[in-house]
Amino acid sequence: MLSDGTINLLDMVVSVSNAIDLVSPEMGNHHKRVAYIALAVAREMRLPAEFKHDLILSGLLHDIGALSREERRELTRFDDDSDANIHAHGEAAYLLLHKFRHFANVANVIRFHHVPWSGGVGRRFRGEEVPLASHILHLADRVDVLVDPANPILGQVDTIAAAVSRQAGSMFEPELVEAFLELAWKEYFWLDLVSPSLDQLLRRSASNLAIELDWDDVQDFAELMAHIIDFRSRFTATHSSGVAAVGAILANTIGFSAIECQKLKVAGHLHDVGKLAIPTEILEKPSRLTADEYRIIKSHAYHTYRILEPIAGLADVTAWASLHHERLDGNGYPARRPGHCIPLGARIIAVADVYTALSEDRPYRRSSPRSRVVGTLEELAKTMVLDRSVIGALLDNYDEVDRHRQRTQEMALQEYDEFVGSLNACCGHAEGSVQGAKERA
């Protein structure tokens, strides 16, 4: 287990849920509300505890495959069955999640969470059996999009219940509708749904099924998150993998312990998680950013901290990941820390981030040749922007570091291409920024 405490899976998933909501702030807490509604329906039906635990995780992650704001906004219509592309983000989520051992069931539930009941035809979809949990998640998701956060919730109950009732047998499995309607007449359910304490309610509901992650799990989870962050664009599809690989090899060279090197690698995978709050059009802009756009970009380091900070046991990882844009001269962001207040792990991530960015193509430029990379790093060391000793370790081992980066990023690009190819084969096209990336490939 981790040397500074165990990591709870639910804590990680709640943080991911918060990160996903940054993609489209107007849908804030959507994932938590869907998880709560699904859990409440399962309780009404007296379904087993393990089933409910998977349902909570599925609710918290169900839109993880919607990689852009446009996709998220398209999911807010109650009558979603007419959209032929509605299943693409469920398939994308399945492809992102199913390799993580604790998400085998969760990935399958999310994969089919927009399949309508259609008089029983919805028991199967594309030759696969649709889990009951998928139909519960579908109902919960559609209920939440009917809620108007601008108006008192109890005044909306009749309208929401009537809309769901009309879809019994067509959009929704009738037994699930019955369970929901029984639940809908209980005021506490609706008041819980809009309560600021919804986080605590969900955590309490899953407390007896807590899963503690070992270090291999944490590594796998961090890589999963890196894919969610980076797969929004082919231009960034391998960036976090590169930073993680370079950061880990530099940490080992500098003398970090084995556990510290593992933490450093996780921090590299997670350092840009706050970019989920940045619109894709800014991340992919082919020309110079405006001052306002640059200010938006700079906020990502702050968001990285706020996403990771609640996860008990990840204090070092959180600091190293979120402080990677601090500079020794005190002119970094978001905290303007002077050099002596920047932990060495964050300095390593900072160097790995700059080196990796210089070495890869971006929308506005091609990768830099070795001479320019070396010259830039030497200048940043000379001007006390980045740590001289870390840059020295990189330059002294440049060939080894660069081979390791290239090999890791080639593997990550292969994963990305397989992801896009599988999504295209299943759904006929790859949505949003993934489709745009495929066209540029």
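None of the values given here were measured: they were computed from a predicted structure.
Between the side chains of N18 and D21, not a single donor N or O lies within less than 3.5 Å of an accepting N or O. Side-chain contact annotation: R327 with Y333, donor-acceptor N/O pair under 3.5 Å absent. Judged purely by distance below 3.5 Å, without hydrogens or angles, the side chains of Q219 and E223 never pair a donor atom with an acceptor atom. For the 3.5 Å distance criterion, the side chains of T159 and Q156 fail to qualify, holding no donor opposite an acceptor. Counting only N and O atoms by type, the side chains of D144 and H30 include a donor and acceptor under 3.5 Å apart. For the residue pair T290 and R295, no side-chain donor N or O sits within less than 3.5 Å of a side-chain acceptor on the partner.
With rounding to the nearest 0.5 Å, the separation of OG in S15 from CD1 in I307 is 8.0 Å. Q409 CD to S240 OG: the interatomic distance, rounded to the nearest 0.5 Å, is 10.0 Å. Taken from CG in L55 to NE2 in H53, the straight-line distance is 11.0 Å, to the nearest 0.5 Å.
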- Query: So H239 and D353, side-chain hydrogen bond (donor to acceptor under 3.5 Å, both in side chains) or not? Walk me through it.
  - Reply: CA-CA 8 Å; H239 179 70; D353 183 46; 2.8 Å; yes
- Item | D217/H102 under side-chain hydrogen bond (donor to acceptor under 3.5 Å, both in side chains): CA gap, chis, key distance, verdict | CA-CA 9 Å; D217 287 333; H102 292 296; 3.2 Å; yes
- side-chain hydrogen bond (donor to acceptor under 3.5 Å, both in side chains) between Q200 and S197, intermediate numbers included: CA-CA 5 Å; Q200 290 90 329; S197 303; 4.7 Å; no
- H114 vs H62, ring-ring contact (aromatic ring centres under 6.0 Å, His included): CA-CA, chis, key distance, verdict: CA-CA 10 Å; H114 279 285; H62 71 280; 7.7 Å; no
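Around NZ of K186, the count of heavy atoms belonging to other residues, nucleotides or ligands within 6.0 Å exceeds 12. By the neighbour-count criterion of 12 heavy atoms within 6.0 Å, atom CD of E175 is sparsely surrounded, having that number or fewer from other residues, nucleotides or ligands.
Between the side chain of H138 and the backbone N or O of H135 there is no donor-acceptor pair closer than 3.5 Å. Within the 3.5 Å criterion, the main-chain N or O of V13 finds no donor-acceptor partner in the side chain of S17. The backbone N or O of M171 sits nowhere less than 3.5 Å from a side-chain atom of R142 that would complete a donor-acceptor pair.
Looking at heavy atoms from C-beta onward, F103 lies in side-chain contact with L224 at the 4.5 angstrom threshold. Between H271 and S322, every side-chain heavy-atom pair lies at or beyond the 4.5 Å cut-off. Residues M12 and L314 have side chains in contact (heavy-atom distance under 4.5 Å, counting atoms from C-beta outward). Side-chain atoms of H269 and M225, non-hydrogen and from C-beta on, never get closer than 4.5 Å to each other. When side chains are defined from C-beta on, F112 counts as touching P131, because their heavy atoms get closer than 4.5 Å. Side-chain contact between F172 and V143 is absent, with no heavy-atom pair separated by less than 4.5 Å. Side-chain atoms of F419 and L96, non-hydrogen and from C-beta on, do get closer than 4.5 Å to each other. Contact check for Y302 versus R306: side-chain heavy atoms found under the 4.5 Å cut-off.
Closest approach of I110 and A93 over heavy atoms only: CG2-CB, 3.6 Å. A38 and I136 make their closest contact through O-CG2, 3.7 Å (heavy atoms, listed as atom of the first residue, atom of the second, distance). Minimum heavy-atom separation, V354 to L380: CG1-CD1, 3.9 Å. Nearest heavy atoms, V177 versus S165: CG1-CA, 4.1 Å. Summarising the geometry of L276 relative to I20, their closest heavy-atom pair is CD1-N, 4.4 Å, with the distance given to 0.1 Å. T304 approaches G274 most closely through the heavy-atom pair OG1-N, 2.9 Å.
Look at D11 and R203 and you find a salt bridge, because one of the NZ, NE, NH1 or NH2 atoms lies within 4.0 Å of a carboxylate O, short of that distance. Under the 4.0 Å criterion applied to side-chain N and carboxylate O atoms, E410 and R405 are not assigned as salt-bridge partners. For R123 and E129, the salt-bridge test fails: no basic side-chain N is under 4.0 Å from an acidic carboxylate O.
For Y305, there are no ring pair (Phe, Tyr, Trp, His ring centres under 6.0 Å) partners two or more places apart in sequence or in a different chain. Applying the side-chain contact (heavy atoms from CB on, under 4.5 Å) test to A107 and every residue at least two apart in sequence or in another chain returns Y94, L97, H98.
Using cut-offs of 30° and 60° for the angle between ring planes, the F125 and H87 rings count as tilted.
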